[in-house]
S.K.: 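Before I ask anything, here is the structure I am working with.
Counting from 1, the numbers follow the sequence of the chain as shown. Keep in mind that this is a model prediction, so the values were computed, not measured.
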Amino acid sequence: YELPSSNLIASIYYSSKEQQANTGIIGDAFMNLGYLGVVIISIIFSLLFSFFNSIKIDERYFGVFIMYIFDFQNSSFLSILFSGGFFFLILFSMTIMKKRV
């Protein structure tokens, strides 16, 4: 295509080639690095889920993770990591959110 994926999606849904639509985590990875980016972001994402599964988080905090799943559908990974607070979620899940025995 002659347009970046964010402009292409906006041209289809909003009838404007000047606007940019959010493409989500997979679309952003493909836009930046192609198929290699999709593989890399899939590996990083699966490692993050494995990490959260291994630290046994208390059930009271599952709603926070559901919120971030919706964020990943609409934004890029680095945007969520630094300005979306996901980095702090990783830190808090290792300290505050752990299940107490």
S.K.: Can you check whether Asp71 reaches Phe86 side chain to side chain, under 4.5 Å on heavy atoms?
M.R.: no
S.K.: Lys17 versus Asn7: any side-chain heavy-atom pair under 4.5 Å?
M.R.: no
S.K.: Are Ile44 and Tyr35 co-members of a hydrophobic cluster defined by side-chain heavy atoms under 4.5 Å apart?
M.R.: yes
S.K.: Give a yes or no on whether the ring-centroid distance for Phe77 and Phe45 is below 6.0 angstrom.
M.R.: no
S.K.: Taking atom CZ of Phe62 as the centre, report whether more than 12 heavy atoms of other residues, nucleotides or ligands fall under 6.0 Å from it.
M.R.: yes
S.K.: A side-chain contact here means heavy atoms from C-beta on lying under 4.5 Å apart; do Thr95 and Leu91 qualify?
M.R.: no
S.K.: Rounded to the nearest 0.5 Å, what's the gap from OG on Ser42 to CG on Leu47? Could you check?
M.R.: 10.5 Å
S.K.: Looking only at heavy atoms, what is the nearest atom pair of Ile55 and Ser93, with distance?
M.R.: CD1-O, 3.4 Å
S.K.: Is the Phe72 ring parallel, tilted or perpendicular to the Tyr68 ring (thresholds 30°, 60°)?
M.R.: tilted
S.K.: How close do Gly37 and Ala29 get, counting heavy atoms only, and between which atoms?
M.R.: O-CB, 3.4 Å
S.K.: Treating Ile, Leu, Val, Met, Phe, Trp and Tyr as nodes and any side-chain heavy-atom pair under 4.5 angstrom as an edge, say whether Ile57 and Phe92 lie in one connected cluster.
M.R.: yes
S.K.: Is there side-chain contact between Ser83 and Leu78, with heavy atoms separated by less than 4.5 Å?
M.R.: no
S.K.: When hydrophobic residues are tied together by side-chain contacts of less than 4.5 Å, even through go-betweens, does Ile96 share a cluster with Phe52?
M.R.: yes
S.K.: Contact between Ile41 and Phe30 at the side-chain level, heavy atoms closer than 4.5 Å - yes or no?
M.R.: no
S.K.: Tell me whether Val38 shares a hydrophobic cluster with Ile43, the cluster being built from Ile, Leu, Val, Met, Phe, Trp, Tyr side chains joined at under 4.5 Å.
M.R.: no
S.K.: Taking side chain to side chain contact (heavy atoms under 4.5 Å, CB included) as the definition, give me every residue that meets it alongside Gln19, ordered by chain and number, with sequence neighbours left out.
M.R.: Ala10, Tyr14, Ser16
S.K.: Quick check for you: to the nearest 0.5 Å, what is the distance between Ile26 atom CD1 and Gln73 atom CD?
M.R.: 11.0 Å
S.K.: Does Phe65 reach the side chain of Leu89, with side-chain heavy atoms less than 4.5 Å apart?
M.R.: yes
S.K.: Do Ser50 side-chain atoms and Ser46 backbone N/O form a donor-acceptor pair below 3.5 Å?
M.R.: yes
S.K.: Cluster question for you: counting only ILVMFWY and a side-chain heavy-atom cut-off of under 4.5 Å, with indirect links fine, are Leu48 and Val39 together?
M.R.: no
S.K.: Distance-only, no hydrogens or angles: does the Asn32 side chain make a donor-acceptor pair with backbone N or O of Asp28 under 3.5 Å?
M.R.: yes
